[in-house]
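Just so you know, ligand 1 is whichever comes first in the structure, and atom 1 is the first atom listed for that ligand.
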Amino acid sequence: MQTRKHPLLSQAIGTHREVVSFHFGPTDRGRKVYIQAALHADEAPGLLVAHYLKQLLTKLHVEGRLHAEVVLVPVCNPIGLGQWLDHSHIGRFELASAENFNRHYPDVVDEVAAAIDGKLGADESANARLIRAALVAALRVHPVKSELASLRQTLFTLAADADVVLDLHCDSEALMHLYAGSPLWDRVEPLARYLGAAATLLETVSGDHPFDEACSRTWWLLRERFAAFPIPLGCVSVTVELRGEADVSTARATDDADAIIAYLTQQGFIGGVAPLMPALLHDATPLAGSEAIEAPVSGVVDYLRELGEVIRAGDAVANVIDPITGQVTVLKASTDGVLYARNARRFVHTGMRICKIAGKVPFRTGNLLSAR
Ligand SMILES: [Zn+2]
């Protein structure tokens, strides 16, 4: 195993942060897996899974069972980790810019297209190598003017030439669920099975360029631009929501780390026989079909339905209670689907999203991800 340190652009004199990456396995096989944890900084489930993944990968490396380079960044957001305000941790947004750490990754598709124009051929693997090299080269020269931009560039450059990218997050209160590009579903489905995902949300354009989409979208965009040449969907990139922020235990983390290793074995990145794939708990659904129920008033939320329950359109999901007026506002679902995430906060302000239901029928348009 190699340890590499990637210094970020210093935002102020006397301050320096760095990203630490661990590198396992051979670098000469032309295959790579990239895994990072806690892009929203205080996502402890991913930090613990990364801890156990490091142990498993170290063992697999020593045993010579890795058929690909595996890069692990167990703590991928040192900026967010240092952000405390009024004794509370702020990990989702950079305090200086108010930008979400998982948005606005560089778009270098035009640069990559210009670099590969006239060089593609009939060999799909050779085209993939060309694109990966062009991607990394474009990101390396992408202008960086802030510590946050430097973090985005560092993480994206580490991931850009990988075949598989797993971005480990968690939700507020939630069941295991995944986000991925729609064209990738057949290669994401085994991961959903091994992890026991209660929902997989698929989309080709989520909005605001989150990390997983930045890694995978280049490939289908280049396919459209260079339709005469064979170009693979070269990066299976998945946002893995490791349940809720308080779902932290060694038992869960070791199970999740084992599931990720099982997936990588099943996909041929690790030698050996993959464990039998469990049944898929829920078929993938469109991100545009995921209903985020908002509280139209402020008050105390009393959930009427539990995570994992199948909700029907018209079902009451929660009450919002105002103790001054005595008013009880009933919040109802407008779609059928699985209740896969809830806000852990029980006091809500007007307009706050309180829970999410994975419906099968797309009905939303525009930016499909919340700013939060
Ligand atoms: Zn997150």
Side-chain angles (χ1 to χ4, degrees), residues 19 34-51 53 72-85 88-105 148 151-152 154-156 158-159 164-181 188 191-192 195 197-203 206-216 237-248 252-253 256-257 259-260 287 290 292 307 340-345 352-356 358 367-372:
V19 169
Y34 175 81
I35 304 171
Q36 68 178 24
L39 187 52
H40 289 126
D42 57 336
E43 297 178 316
L47 297 173
L48 197 59
V49 169
H51 169 70
L53 273 176
L72 176 68
V73 179
V75 183
C76 77
N77 184 357
I79 302 173
L81 272 180
Q83 295 187 156
W84 288 83
L85 187 68
S88 294
H89 188 255
I90 310 288
R92 196 162 176 80
F93 301 90
E94 191 208 26
L95 283 174
S97 63
E99 287 187 8
N100 188 320
F101 284 108
N102 191 22
R103 303 288 187 273
H104 312 301
Y105 281 80
L148 176 57
L151 177 70
R152 288 174 176 144
T154 299
L155 300 178
F156 196 3
L158 279 166
V164 169
V165 170
L166 303 180
D167 189 14
L168 307 182
H169 290 247
C170 67
D171 208 307
S172 187
E173 274 184 8
L175 300 176
M176 175 76 74
H177 60 284
L178 313 176
Y179 296 90
V188 174
L191 181 66
L195 284 170
T200 301
L201 293 312
L202 301 178
E203 197 49 66
S206 306
D208 286 345
H209 223 203
F211 185 78
D212 80 76
E213 208 166 283
C215 293
S216 53
S237 181
V238 187
T239 295
V240 179
E241 300 282 354
L242 296 164
R243 309 179 192 82
E245 60 195 6
D247 293 324
V248 182
R252 278 198 173 102
D256 293 341
I260 288 169
L287 181 57
S290 174
L307 291 173
Y340 68 95
R342 306 195 305 199
N343 195 324
R345 259 178 223 286
M352 188 179 276
R353 293 177 168 198
I354 65 155
C355 64
K356 292 183 274 193
N367 194 334
L368 298 174
L369 296 173
S370 67
R372 289 179 48 76

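A donor-acceptor contact closer than 3.5 angstrom is absent between the side chains of Y34 and S237.
Between H177 and Y179, the distance from one ring center to the other falls under 6.0 angstrom.
Across all non-hydrogen atoms, the minimal contact from A38 to L47 is CB-CD2, 3.6 Å.
Each protein N, O or S atom less than 2.8 Å from the Zn ion (ligand 1) was counted, giving 3.
How far CG of D167 is from CD of E213: 12.0 Å, rounded to the nearest 0.5 Å.
Residues V73 and I35 are not in side-chain contact: their nearest non-hydrogen atoms beyond the backbone lie 4.5 Å or more apart.
Salt-bridge formation is detected for the pair D171/K356: a Lys NZ or Arg NE/NH1/NH2 atom is positioned less than 4.0 Å from an Asp or Glu carboxylate oxygen.
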